[in-house]
*Asks:* 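Let me give you the structure first, and then I'll get to my questions.
Everything numeric in this text was worked out from a predicted model, so none of it was measured. Just so you know, these numbers use all the heavy atoms, side chains as well, and skip hydrogens, waters and symmetry mates. Numbered from 1 within each chain, the chains take letters A, B, ... in sequence-line order.
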Amino acid sequence: MGYTFDFGVVFARWPELLHGCLLTLQLSLLAIPITLGIAIICVFILQLRERISTWLIEGFVELVRNTPFLVQIFFLFFGLPSIGIRLEPNVAAVLALGLNGAAYSIEILRGGVDAISRGQIEAGFALGLHPAQIFRYIILKPALRAVYPAMTSQFIFLMLTSSITSSITARELTHVGAEIEGETFRSFEVYFTVAALYLAMSYGLSKLFAVIYRVSFAYPAAR
Amino acid sequence: MITTLGPAQFLLLAQGLAWTLALSAIGFALGGLGGLVIALARSSGLKWLEGLAAFFIEVFRGTPLLLQLFIVYYGVGLLDLSVSPWMAVSIALMLHASAFLGEIWRGSIEAIPAGQTEAALALGIHYATRMRYIILPQALKISVPATIGFLVQLVKGTSLAAIIGFTELSRTGTLLSNITYRPLLIFGIVGLAYFAVCWPLSRLGRAMERRLTPAART
């Protein structure tokens, strides 16, 4: 084979690549709170066991989980303008990532909330806690702790999924990679480097989440 | 010229769906073979082999599938072989599926009580027979729900082949949306087509999970 690899031209663009990493992290860090917020609200509503809202939330979860992210983002970005809702690429990207992540997070968080024993909640009432306090301290926090590993690997997956938003020209790492490719024609080298950066970011995030766990949930387990 | 959505357009979507299914089937079949190798390597007891398999899994789980497709697509292009996009996508999906299935199956292999391996060793049953008749049949059984779950991921993942120009369901949708100017409708239909494939699989996976863990649910 007559091909000589040249990573030099790619590494020379490191400021742009680094900037791309920051953009990807920014996109993810905007989408994660949306994901978590929707999940907490929906799981709370599910606890009310009201028929129509349960049906709606479960429908949303099934619909999102069983269709590809690419189609979802095309639907939002190319589809919605035809009914008058025009979104910036980055806004559409954050929204799509947030909604997509929410569907998975609802399932995960629901499992954690379902595992909390009723006696614990009744104890809260017996102690005269406000329902909001019960939800926050007796239901939400232990549930989040129980599902923490699944939830955070979901967040890392969200960060990896954000690469797909380059297809609607959202500014993030893969998009930056495509720009560099367009100027250097070193497709393989560019995408190899970009993939390595994603690997580094997912490794970094998993370490960060481990630290957050130690800080937030350091108290001993009940079992 | 604006094309309307007629039977011809639905035929194109059906063809796209067929390609999506074909890609998923190829990825799953080849990835299943690869995954078995990875799972066996990962639980082989040989340090270097386990490390190698663990590294393979980490790399493919820690990078986006889209980038994996790009790298394989441009990578095999460098080998001076004239490889069709079809081949490149299949190879990428195979590697991706190998890593994920390998990790799922490793977990199941390790879930089989060690006493069974010890009993087999005591009886003088060597590695291949032990795996073939004792460990793998049980391990594969517990792994069925997670495996089906991954299959759903894979079907959805094939949509990314559209980005490198492979005309499957998603790309057919993009092309049709460009000539009909009805993106909301087209992507709605495309989404529903994926849903029609993935939802029954998801339900099957969940039903299997419930059957395998009857006590955990009420």
Side-chain angles (χ1 to χ4, degrees), chain A residues 1-5 24 61-83 85 114-115 153 156-157 159-167 173-174 177-178 181 185-203 205-206, chain B residues 20 58-81 149 152-153 155-163 169-171 173-174 177-178 181-203 216-218:
Chain A
M1 77 187 232
Y3 189 83
T4 35
F5 290 98
T24 285
V61 169
E62 291 299 317
L63 204 61
V64 170
R65 284 169 54 109
N66 289 300
T67 50
F69 182 71
L70 186 71
V71 175
Q72 293 164 11
I73 199 165
F74 279 176
F75 189 83
L76 284 181
F77 187 69
F78 297 119
L80 288 188
S82 64
I83 52 166
I85 305 169
D114 285 347
S153 44
I156 293 172
F157 189 69
M159 187 273 289
L160 297 177
T161 306
S162 75
S163 66
I164 301 173
T165 64
S166 63
S167 64
L173 181 56
T174 308
E181 185 210 1
F185 302 106
R186 291 285 174 180
S187 317
F188 181 81
E189 289 91 331
V190 168
Y191 289 122
F192 194 85
T193 312
V194 168
L197 289 171
Y198 274 108
L199 189 61
M201 284 194 289
S202 56
Y203 183 77
L205 276 183
S206 72
Chain B
T20 288
E58 276 311 304
V59 166
F60 279 89
R61 282 165 53 107
T63 53
L65 174 59
L66 180 61
L67 268 299
Q68 294 165 17
L69 282 167
F70 280 160
I71 290 174
V72 173
Y73 183 65
Y74 294 114
V76 291
L78 297 182
L79 296 174
D80 278 351
L81 305 164
V152 173
Q153 289 281 102
V155 174
K156 293 188 289 172
T158 59
S159 68
L160 298 184
I163 297 179
L169 183 55
S170 296
R171 194 164 145 77
T174 310
S177 127
N178 288 344
Y181 296 98
R182 308 276 302 270
L184 202 65
L185 179 67
I186 298 283
F187 289 120
I189 294 171
V190 168
L192 283 181
Y194 277 105
F195 187 78
V197 176
C198 294
W199 195 53
L201 282 174
S202 296
R203 290 196 57 132
R217 304 248 176 162
T218 44

*Asks:* Just so I understand: if I count every heavy-atom pair under 4.5 Å between each of L205(A), L63(A), I156(A) and chain B, which residue has the most?
*Replies:*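 Among L205(A), L63(A), I156(A), the one with the most close pairs to chain B is L63(A).
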
*Asks:* Any chance CZ of F60(B) has more than 12 other-residue heavy atoms, nucleotides or ligands included, within less than 6.0 Å?
*Replies:*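 For F60(B), atom CZ is crowded (more than 12 foreign heavy atoms under 6.0 Å).
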
*Asks:* Measuring only between side-chain heavy atoms, which start at C-beta, is S163(A) closer than 4.5 Å to L67(B)?
*Replies:*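 A side-chain contact exists here, since the closest heavy-atom pair is under 4.5 Å.
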
*Asks:* Just how far is it from atom CG of L66(B) to atom OG1 of T161(A), taken to the nearest 0.5 Å?
*Replies:*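 OG1 of T161(A) is found 10.5 Å from CG of L66(B).
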
*Asks:* For the residue pair E62(A) and W199(B), what are the closest heavy atoms and their distance?
*Replies:*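 Here E62(A) and W199(B) meet closest at OE1-NE1, 2.7 Å.
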
*Asks:* Look up atom OG in S206(A) and atom CD in E58(B), then write down how far apart they are to the nearest 0.5 Å.
*Replies:*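 The OG atom of S206(A) sits 8.0 Å away from the CD atom of E58(B).
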
*Asks:* Mark yes when over 12 heavy atoms from residues, nucleotides or ligands other than R182(B) sit less than 6.0 Å from its CZ; otherwise mark no.
*Replies:*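 No.
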
*Asks:* Evaluate side chain to side chain contact (heavy atoms under 4.5 Å, CB included) for T174(A) paired with F70(B), printing each intermediate quantity in order.
*Replies:* CA-CA 10 Å; T174(A) 308; F70(B) 280 160; 4.1 Å; yes

*Asks:* If you count heavy-atom pairs within less than 4.5 Å of chain A, which of V197(B), I186(B), I163(B), L185(B) leads?
*Replies:*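 Of V197(B), I186(B), I163(B), L185(B), I163(B) has the most heavy-atom pairs under 4.5 Å with chain A.
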
*Asks:* Side chain, backbone, both or neither: which part of T158(B) has an atom under 4.5 Å from a heavy atom of chain A?
*Replies:*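 The answer is neither part of T158(B).
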
*Asks:* Taking side chain as everything from C-beta outward and backbone as N, CA, C, O, which of these in R203(B) sits under 4.5 Å from a heavy atom of chain A? Side chain, backbone, both or neither.
*Replies:*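 Interface part for R203(B): neither.
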
*Asks:* Please classify the contact of S166(A) with chain B as side chain, backbone, both or neither, using a heavy-atom distance under 4.5 Å.
*Replies:*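 The side chain, not the backbone.
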
*Asks:* Please find the pair of heavy atoms, one from G191(B) and one from T67(A), that lie closest to each other, and give the distance.
*Replies:*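 Closest heavy-atom pair between G191(B) and T67(A): O-CG2, 3.1 Å.
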
*Asks:* I need the Y73(B) OH to S187(A) OG distance, nearest 0.5 Å.
*Replies:*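 Here the rounded value is 9.5 Å.
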
*Asks:* If I compare all heavy atoms of V71(A) with all of F187(B), which pair ends up nearest, and what's the gap?
*Replies:*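 Result for this residue pair: CG1-O, 3.6 Å.
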
*Asks:* Could you go step by step and tell me if Y74(B) and E181(A) meet the side chain to side chain contact (heavy atoms under 4.5 Å, CB included) rule?
*Replies:* CA-CA 11 Å; Y74(B) 294 114; E181(A) 185 210 1; 3.4 Å; yes

*Asks:* Counting only non-hydrogen atoms closer than 4.5 Å, does V59(B) touch chain A with its backbone (N, CA, C, O), its side chain (CB onward), both, or neither?
*Replies:*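 Both backbone and side chain.
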
*Asks:* Considering only heavy atoms, which portion of Q153(B) lies under 4.5 Å from any heavy atom of chain A: side chain, backbone, both, or neither?
*Replies:*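 It is the side chain, since no backbone atom gets that close.
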
*Asks:* Do the side chain of K156(B) and the main chain of L70(A) share a donor and acceptor less than 3.5 angstrom apart?
*Replies:*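 It does not hold such a pair.
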
*Asks:* What option among L199(A), N66(A), L160(A) has the most heavy-atom pairs under 4.5 Å with chain B?
*Replies:*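 With the most close heavy-atom pairs to chain B, the winner is N66(A).
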
*Asks:* Out of I71(B), T63(B), V72(B), which residue meets the side-chain contact (heavy atoms from CB on, under 4.5 Å) rule with Y191(A)?
*Replies:*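 By the side-chain contact (heavy atoms from CB on, under 4.5 Å) criterion, Y191(A) pairs with just one of I71(B), T63(B), V72(B): I71(B).
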
*Asks:* Any idea which of F78(A), F69(A), F188(A) has the most non-hydrogen atom pairs under 4.5 angstrom with chain B?
*Replies:*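 Sorted descending by pairs with chain B, the first entry is F188(A).
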
*Asks:* At a 4.5 Å cut-off on heavy atoms, which part of A193(B) comes close to chain A: side chain, backbone, both, or neither?
*Replies:*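 Neither part, no heavy atoms under 4.5 Å.
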
